[in-house]
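Throughout, numbering of the chain's residues begins at 1 and tracks the sequence. Just follow the structure's listing: the first ligand is 1, and inside any ligand the first atom is 1.
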Amino acid sequence: MSITCPKCDNSIMLQGPVRKVHCNACQNDTDVPVKYWKENLYDALEWIVSDMKEGESYNLMQFGLFNTKWSVYELVPRCSKCEKKLELKNVDRNKESKVKCSKCGKETNIVPAPSWLKRRVPTADFFVNVQMHDKLEDREPAITGGIALTCPQCGGALIIDGKDRLVPCKYCDVHVYLPDDLWLRLHPVEVKSRWFLVYDKKEVEKIDFDAHWE
Ligand SMILES: [Zn+2]
Ligand SMILES: [Zn+2]
Ligand SMILES: [Zn+2]
């Protein structure tokens with residue numbers, strides 16, 4: 001799922017039902033209202049119960065508050081690395097946890113439906129493989145062990161922590177702008193990932209979707 005940044009038209013990935021997104025292109029934050037999630041999740045649930053079969057998907061481009069590009073699947077949650085179905089029977093749906101893939105060992109995060117969402121979409125149970133927090137905090141550094149780069153003016157060693165693209169040289173006071181290829185290694189372009197909403201099928205089938213929209 002991705003939206004177009006309302007400030008610069010760059011595309012921003014939605015890796016879960018987040019309330020705020022950060023645009024890496026223009027550096028602005030945008031609030032994602034509860035209403036947006038409620039409407040989209042109800043839409044998805046309605047398609048799923050009305051005419052989707054396991055394994056089917058819809059690709060959509062929606063115009064509204066944001067221009068949203070997304071694919072909706074009816075699918076049992078799978079490991080993002082090897083596609084093995086995840087074992088979710090023992091998941092504690094009231095707290096954040098991780099489930100380990102029985103085939104490749106990759107861990108996938110489990111996040112309970114946040115209360116603001118649960119109030120509007122009571123059939124939402126928990127989420128699988130979502131990223132709810134700010135990416136930069138959560139993400140492991142793309143490069144560990146340090147990077148050797150010298151100041152082009154004085155040849156002094158620069159200290160690069162990956163946070164700031166403009167690095168001051170402590171020897172000659174010049175500021176060095178890190179080149180594109182190095183910056184992209186430190187901050188890889190985010191790619192779309194598939195995330196899952198686990199829902200109560202019996203409860204979803206009881207929803208009167210026509211009444212819901214009136
Ligand atoms: Zn932007
Ligand atoms: Zn796996
Ligand atoms: Zn220098």
*Asks:* Give a yes or no on this: more than 12 heavy atoms of other residues, nucleotides or ligands lie within 6.0 Å of atom NZ of K7.
*Replies:* yes

*Asks:* Going by atom types alone, do W70 and Q62 pair a side-chain donor with an acceptor below 3.5 Å?
*Replies:* yes

*Asks:* Look at the side chain of R120 and the backbone N and O of K38, then say whether any donor-acceptor pair between them is shorter than 3.5 Å.
*Replies:* no

*Asks:* Would F127 and V198 count as a side-chain contact (heavy atoms from CB on, under 4.5 Å) here? Give the steps.
*Replies:* CA-CA 6 Å; F127 290 90; V198 177; over 6 Å; no

*Asks:* Hey, what's the angle at the Zn ion (ligand 2) spanning SG (C79) and SG (C104), nearest 10 degrees?
*Replies:* 100°

*Asks:* Once rounded to 10 degrees, what value does the angle at the Zn ion (ligand 3) take between SG (C154) and SG (C169)?
*Replies:* 100°

*Asks:* With rounding to 10 degrees, what does the angle C26:SG / the Zn ion (ligand 1) / C5:SG come to?
*Replies:* 110°

